[in-house]
S.K.: 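Sending over a structure as structure tokens; questions will come in a sec.
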Amino acid sequence: MIRKVCVIGWPVAHSRSPLIHNHWIAEHRIPDARYELLAVKPEDAAETIRHLHRLDFVGANVTVPHKETAFATLTRHDAVAKRLKAVNTIVTLEDGTLEGRNTDGYGFIANLKDGAPDWRPGEGPAVMLGAGGAARAIAAALETEGVPEIRIVNRTPARAEALIRDLGLKSATVWPTAETRAALDGAGLLVNTTTLGMKGESDVDIDISALPRDAIVTDIVYTPLETGLLKRARLAGHETVDGLGMLLHQAVPGFEAWFGVRPHVTDELREIVLADLGMA
Ligand code: ATR
């Protein structure tokens, strides 16, 4: 029997998940396994998720804009998905039911630890730019890692307040963009979770001179690999971590659950994805 897994999104053609998972399927010689793209319109998402087995899929990844629909459609979730009310990975449990999980925060932390092994979560506040879906996963993961304080800087402060309330974050604060300098004071980590800096968009334009020199700067944008923010941070002497590894690492737990082998994020995989993005 072929074990098929798919990524569900709309649009989904740009997803690099098939490239990543099919690379691991080949690398680990998983017999009769296949990972496919499945373009699913918003109005069809719940139905598709409910009938994954009937469509011959043993699992799936879920991407924008279906992560919340996947959460609402499934009846079983792991603790992280429950907290975020968003699902990016669906696995079939032993009793045949589908469970929704969320590995985005795991991917963020694994990439950060990979790129900045000396990062100590407990050593200082983290400043997070943005309060969207990615920010939710990252804020929850940072708190779980033991970051003592999360300072959220967002254009729309009400959205940051909603994030804190929905996640029940214990030591998070909201800072208007005009007070970014004060938010950066004494921080150990700066992370951009907004889409600013992506090719074709304007750059994050905050002044980072108030950030302590030993603070690490990371971005979830990976096209380009070195965003304007990361470049300025590097030139100012900060250790920087690009966002591509988050995409690669978030895929690891799903692959392990579906196929029983824990894959590795290697330089080779990174090069393959970069080449596919036209950035090698
Ligand atoms: P995702 O779910 O992928 O994180 P999102 O929900 O659209 O994406 O969130 C995008 C984030 O980028 C938000 O924090 C957004 O700020 P607002 O909450 O004020 O909308 C931020 N963002 C996007 N474009 C921006 C811009 N031009 N200037 C400042 N912030 C921006």
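In each ligand, atom 1 is the first atom listed, and ligand 1 is the first ligand listed. Residue numbers run from 1 in the order of the sequence given. Worth knowing before you read on, the calculation uses all heavy atoms, side chains too, and leaves out hydrogens, waters and symmetry mates.
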S.K.: When you measure from atom 4 (O) of ligand 1 to each heavy atom in S202, G130, A134, which option holds the nearest one?
M.R.: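 The option holding the nearest heavy atom is A134.
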S.K.: Can you tell me the protein heavy atom closest to atom 13 (C) of ligand 1 and the distance?
M.R.: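 I find the closest protein heavy atom is R159 NH1, 3.4 Å.
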S.K.: Check the hydrophobic clustering (I, L, V, M, F, W, Y; side-chain heavy atoms under 4.5 Å; chains of links allowed) and say if V58 and V87 are grouped together.
M.R.: no
S.K.: Please state which option from L196, D205, T156, N192 has its nearest heavy atom closest to atom 19 (O) of ligand 1.
M.R.: T156
S.K.: Atom 1 (P) of ligand 1: which protein heavy atom is closest, and how many Å away?
M.R.: G133 N, 3.6 Å
S.K.: Is the closest side-chain heavy-atom distance between L211 and H238 below 4.5 Å?
M.R.: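 In contact.
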S.K.: Taking 4.0 Å as the limit for heavy-atom contacts, which would you say applies to R155 with ligand 1: side chain only, backbone only, both, or neither?
M.R.: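 Both backbone and side chain.
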S.K.: Among protein heavy atoms, which lies nearest atom 16 (O) of ligand 1, and at what distance?
M.R.: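 Atom 16 (O) of ligand 1 sits closest to the protein heavy atom N154 OD1, 3.3 Å.
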S.K.: Tell me if the centroids of the rings in H77 and F71 come within less than 6.0 Å of each other.
M.R.: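 Yes, the ring centres sit under 6.0 Å apart.
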S.K.: What's the shortest distance from atom 9 (O) of ligand 1 to any protein heavy atom, and which residue and atom give it?
M.R.: G132 CA, 3.5 Å
S.K.: From L235 CG over to L230 CG, what is the distance, rounded to the nearest 0.5 angstrom?
M.R.: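 L235 CG to L230 CG: 11.0 Å, rounded to 0.5 Å.
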S.K.: Students often mix this up, so state it plainly: with edges at 30° and 60°, are the rings of F255 and H21 parallel, tilted or perpendicular?
M.R.: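 If you compare the ring of F255 with that of H21, the planes turn out parallel.
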S.K.: Looking at atom 12 (O) of ligand 1, what's its closest protein heavy atom, distance included?
M.R.: T194 CB, 3.2 Å
S.K.: What about V191 and I152, same hydrophobic cluster or not, with Ile/Leu/Val/Met/Phe/Trp/Tyr joined at side-chain heavy-atom distances under 4.5 Å?
M.R.: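 Linked within one cluster.
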